[in-house]
Each structure stands twice: as C-alpha cells, then as structure tokens.
**Q** 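Below you will find the structure I want to go over with you.
Chain naming here is simple, since letters A, B, ... match the order of the sequence lines and numbering starts at 1 in each.
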Amino acid sequence: MSVRVRIAPSPTGSLHVGNVRAGLFNWLFARHHGGTFILRVDDTDTERSEERYLTEILDGFRWLGLDWDEGVGVGGPHGTYRQSDRFGRYAEVTAGFLAGGHAYRCFCTPEDLDERRSLAQKEGRPPGYDGRCASIPATEAEARAATERFSVRLRFPRHGATEFTDLIRGEMRFDDVTQDDFVILRSSGVPTYHLASAVDDVDYGITHVARGEDLLSSTPKHIAIARAMGAEPAVYAHMPLLFGPDGRKLSKRQGDTSLQYFREEGFLPEAMFNFMCLLGWSPGGDREVFTADEAVELFDLVDVSKNPAVFDLKKLEWLNGEYIRRLEADDFAGRVLPLLGEVTPTQEKAFRELAPLVQERTKRLGEAADQVRFLLLADGDLDYDEASWEKQMTKEFSRPAVEGALAVLGGVEDWSTGSIEAALRAWMEAEGLSPRN
RNA sequence: GGCCCCGUCGUCCAGGGGUCCAGGACGCCGGCCUUUCAAGCCGGUAACGCGGGUUCGAAUCCCGUCGGGGCUACCA
C-alpha cells in the first residue's frame, strides 16, 4: 500500500514553526517512501479563517521546498481539499451515524453541561459528558429535533479500551472509562474538528497521520469515528511538541514564531529546512548539516524523538551563517539585493563589490542588508530623507562615523572589494576608530 | 483532580546491557590567526533527575518517586 500523508493547517493565523515542522516531517516521510503528500485546509472555523492566511501558509511551505501532490492549489481526486466545502459530506456522515446508532442527538444546553461538569468535578467524578441523552429513543429524539436545538454526539463504543501502535511512541492504550460521548456536530450544524479531520482522513485514504503530541489523547476519538465509518484507522505517529527558549510550549505570543518572520529576517530556506529537521530527528551519528535529498533518503517517522525540542535561535543563526558562507558570491548578493529596496545601477554595482566582505561575517541576510545600507547614501543622485536616515543609521553607527565613511568611499577610485576594504581600513586607522564606532 | 506522554551537557542530537569516569553540534570561556570584527583553527566548560530493583555488569531493562508537558470544550 502506498503511503498517503497530509498536513492540515487552519488558516486562522500565520504559519507557525510548529506547523512547519509537522509539514516537514510528513513531507520527508512521503518522499522517503515514494508516497503522496497532501495539503488540506482545516477551515471549519469560518469565522476566524482568512484567505490571506491561507496564501501565506501555502507560500511558506513552497518557500521551504515542501511541494504537495494533492490538495489546495494543485487539485486531485478529492475536490477542493477545503473542509469548508465539505459540510455536506460531514452532515451525510453524521446522518449515517445517527441511522446506524453510532451517534445520537443531545439536547443538553451549554449551560446545563457546564453546571453538570463542575458538579462532577466537585464530586470527584469524571468531567466528561454524562450520557444523559444517550438513551432517548430515536423516534422521540427525531420528533424533538424538529423544534429543539441539538448537537450530535458519537456513541463512544465500549470494548474495554482503545489500543493502537503509535509509530513514534509505541503501544498506546486508552481505557474506555476515560472517554466520553463527544460532540461531532454542533447545534449550529458545523462539524467539530474531530469529525471533519477523521472523516477527511478516511475519505482521502490517509495511511499515516503524523501530528503533534497534543492530539495524542484525542486519537481514540478519531479511531472511533473511522471505525464507525466502517474504515480501518490510519497509523498514527505523534511528534513531540516544540518549546520556546523558556521551556514552555512555543506560542505565537512569544513573538517571532511565524515562518514569515524568519523569511523577512533573512534566513535561507535551506538553513531553515536543515534546522527544522534537527528538531526531533537526526540522520544518526554526528551529522548535522545536510541537504534535503539526504534528509529524504534517511528520514523515517520511527526515528523521530519522543522528547519535546526547544527552538534554539542561536543554533539556527549559526547554521544560517554556514549556509550563507557557502553561497556563491553572486547568489548571495542577489538574495540581499531585494532587501535593500530600490537601488540605482551605480548602487547595485557598489553593493555587489562590497557584498563579499559582508557575506563572510553575517548570520542573516537582513543583517547583511543593514550593514551595507549606507551605500545607498553614497550615491550622489539619491534623494534621501534626512529624518529616516537618522533613525536608521544612528542605531548602528554614530553620525560622524557614517559621514566620514561616506567621504572616504567617495574618494575611492577603483571601486572594487579590495580597494574599498583598504580605504576603509586606512581611514579608520587614521581616525583611531574601531568598527564599533 | 483525572487520563496520557516525556526525562542524556544551558540548548539540539548520538548512544538503547560491557567498547561510556558518556560522543558531536550550538552557546559560553580561553588561545592562535588577523591592524579591528566576523570566519577559520586549537583547547576548555558542562549531562545520563532521584531512589530502589534485575544483572557478573545499567545511561541503556523493571518499579517507584520527583520534575516537565499535553489533554480534560458544542477550540483546533
């Protein structure tokens, strides 16, 4: 059986590095096994989903080099691959469950539920749904459905326990008494994540579900849904979560966790790819720097670590520096150039000459751009804005220093990397300056 | 609280009964190189959470404990 895996982002925000890592591992797994990588959009939350986020997410995956064989943007045999287009399908499955006794209507109101839940907790009983509506006769439930609001709950099958083998964590066992009859269709008619996700996985023929460990304890729910559909559940693999530097779950509020941020800062996709691989996986031995092809060849989900990984920016910067230094000079200059904004041909020429000096000592393209930005001022015909110039430059250099440097550069006849460096050095020595000033 | 997952240097990863007084990488510290910085090179710092087992022998297996994390919604 051919491997079919998927990544299913929700377009409710920027592409988070946690999702990137999940996508990366699924992609590696698919490519390693010659399988199919699918990109589906989990946008059942129509309120918070936005097209611009979806665009950013797709763009982010492409930037990293993760291409998908089926899904949004590329099509495939399963429609649009957007859950928002499949509400009819989820309703159909729900109806089937209702008819087959796999699910039942629940007329409890959210307020009732809250009340009973807190009472149960106070009395030390499990806080899950108490099954109150489970025994309402089907005919009665149907009649009430005409006038009352209701949600639909899965009748969680009681066989003792749900057991499965997690590719990363091994044998898993969840006792039935810890499970409850969870909601699959809200009273609004919108399916819950559990339903939509599990149904799609079955419909799309997903063979392996590799996702974050935060979903590990929801797995019995997904298995129950697949079985109620008469399908064989996928093989699951729960990847360790990513933590922030403070040792806590990496969250958007910690600031710079969107892939977009790293792109803008000038991290190379190759470096990002390599670095993300190292978060929870290793090609074995002491290898740390490798290409995507090498990773594809060596990767397998069973080798993924069980421990959560802290996203170490320092190491990413080091790795990025490694990749930057390996770039051809022209390639490097070409990647920094766009970050400088509008440049005249003269400025571009100047920049290309200066670029090798910066390339060997920079960790991020953005940093490189900042270091040479003063070049834009050296061109006489550039009409620059005094105020923004101040703001920009005084962060890095003192004003006299910059003016002095410009004067020196203006006097350079032979506009080449070597003579630029020589001129600047001579000037600094004469002025008794260190580069820090 | 209940259920579940995880515990090797500060961080990422290797090692899965002897070859480990634990290896690589980032970071940090020091040195060399260099007119400065960076890069490069050399060296140093630093870990098997704890307690019991099992075994001739445990970082590796078992139990407990402690610690961290996740889930516990008509969020995903």
**Q** Is the distance between the ring centroids of A:His32 and A:Phe299 under 6.0 Å?
**A** no

**Q** Side chain of A:Arg361 only, please: which of B:C74, B:G69, B:A38 is the nearest?
**A** B:A38

**Q** Please list, for nucleotides 21-28 of chain B, all pairs of protein and nucleotide N/O atoms separated by less than 3.5 Å.
**A**
unit_1: B:G24; atom_1: O4'; unit_2: A:Asp286; atom_2: OD2; d: 3.4
unit_1: B:G24; atom_1: N2; unit_2: A:Glu288; atom_2: OE2; d: 3.0
unit_1: B:A25; atom_1: O4'; unit_2: A:Glu288; atom_2: OE1; d: 2.8
unit_1: B:A25; atom_1: O2'; unit_2: A:Glu288; atom_2: OE1; d: 2.6
unit_1: B:A25; atom_1: N3; unit_2: A:Lys315; atom_2: NZ; d: 3.1
unit_1: B:C26; atom_1: OP1; unit_2: A:Trp318; atom_2: NE1; d: 3.4
unit_1: B:C26; atom_1: O2'; unit_2: A:Lys315; atom_2: N; d: 3.2

**Q** Please state the C1' separation for the pair B:C5 and B:U19 - nearest whole angstrom.
**A** 33 Å

**Q** State which residues pass side chain to side chain contact (heavy atoms under 4.5 Å, CB included) with A:Glu51; sequence neighbours excluded, sorted by chain then number.
**A** A:Leu54, A:Arg82

**Q** Holding to salt bridge (Lys or Arg N to Asp or Glu O under 4.0 Å), I want the full list of residues that pass it with A:Arg169, two or more places apart in sequence or in another chain.
**A** A:Glu213

**Q** Which residue in the set A:Asn19, A:Asn26, A:Thr219 passes side chain to side chain donor-acceptor pair (under 3.5 Å) when paired with A:Arg211?
**A** A:Thr219

**Q** Return the nearest nucleotide to the side chain of A:Val310; candidates are B:G69, B:U11, B:A76.
**A** B:U11

**Q** Sequence neighbours left out, what passes side chain to side chain donor-acceptor pair (under 3.5 Å) with A:Glu70? Give chain and number order.
**A** A:Arg4, A:Tyr81

**Q** Side chain to side chain contact (heavy atoms under 4.5 Å, CB included) with A:Glu171: which residues, sequence neighbours excluded?
**A** A:Thr165

**Q** Under 4.0 Å between a side-chain nitrogen and a carboxylate oxygen: does that hold for A:Lys314 and A:Glu317?
**A** no

**Q** Using a 4.0 Å heavy-atom cut-off to protein, can you give one letter per nucleotide of nucleotides 2-8 of chain B, 5' to 3': B if the base is in contact, S if only the sugar-phosphate is, - if neither?
**A** -SSBSSS

**Q** Between A:Arg40 and A:Asp201, is there a salt bridge with N-O shorter than 4.0 Å?
**A** yes

**Q** Please tabulate, one pair per line, all N/O donor-acceptor pairs under 3.5 Å involving side-chain atoms of residues 269-281 of chain A, not counting sequence neighbours.
**A**
unit_1: A:Glu270; atom_1: OE1; unit_2: A:Arg335; atom_2: NH1; d: 3.4
unit_1: A:Glu270; atom_1: OE2; unit_2: A:Arg335; atom_2: NH1; d: 3.4
unit_1: A:Glu270; atom_1: OE2; unit_2: A:Arg335; atom_2: NH2; d: 2.9
unit_1: A:Asn274; atom_1: OD1; unit_2: A:Phe290; atom_2: N; d: 2.9
unit_1: A:Asn274; atom_1: OD1; unit_2: A:Tyr323; atom_2: OH; d: 2.5
unit_1: A:Asn274; atom_1: ND2; unit_2: A:Glu288; atom_2: O; d: 2.9

**Q** Can you list everything that forms a ring pair (Phe, Tyr, Trp, His ring centres under 6.0 Å) with A:His194? Sequence neighbours excluded, please.
**A** A:Phe182, A:His222

**Q** Taking N or O atoms only and anything under 3.5 Å, show me the protein contacts with nucleotides 43-46 of chain B, one pair per line.
**A**
none

**Q** Runs of at least three consecutive Watson-Crick or G-U pairs, both distances under 3.5 Å, are what I'm after; which ones involve RNA chain B?
**A** B:1-7 with B:66-72, B:10-13 with B:23-26, B:28-32 with B:40-44, B:49-53 with B:61-65

**Q** Taking only the side-chain heavy atoms of A:Arg153 (C-beta and beyond), determine which of B:A73, B:C12, B:C74 contains the nearest atom.
**A** B:C74

**Q** Give the nucleotide from the list B:G40, B:G69, B:A14 with an atom nearest to the side chain of A:Ser282.
**A** B:A14

**Q** Any donor-acceptor pair under 3.5 Å joining the side chain of A:Ser187 to the base of B:C74?
**A** yes

**Q** Verify, without hydrogens or angle tests, whether A:Thr257 (side chain) and A:His16 (backbone) share a donor-acceptor contact under 3.5 angstrom.
**A** no

**Q** Working note: A:Asp175 + A:Thr178, criterion side-chain hydrogen bond (donor to acceptor under 3.5 Å, both in side chains); need CA distance, chi angles, decisive distance, verdict.
**A** CA-CA 6 Å; A:Asp175 205 291; A:Thr178 64; 6.0 Å; no

**Q** Taking atom P in both B:C29 and B:A38, what distance in whole Å separates the two?
**A** 11 Å

**Q** Going by ring pair (Phe, Tyr, Trp, His ring centres under 6.0 Å), name the residues that satisfy it together with A:Phe61, two or more places apart in sequence or in a different chain.
**A** none

**Q** Is there any side chain to side chain donor-acceptor pair (under 3.5 Å) pair reaching into residues 295-304 of chain A, and which pairs are they, with sequence neighbours excluded?
**A** A:His33-A:Asp300

**Q** Distance between the P atoms of B:C63 and B:U54, in whole angstroms?
**A** 15 Å

**Q** Write down the distance separating the P atoms in B:G24 and B:U45, rounded off to the nearest Å.
**A** 12 Å

**Q** Could you measure between the two P atoms, the one in B:A58 and the one in B:A46, and give it in whole Å?
**A** 24 Å

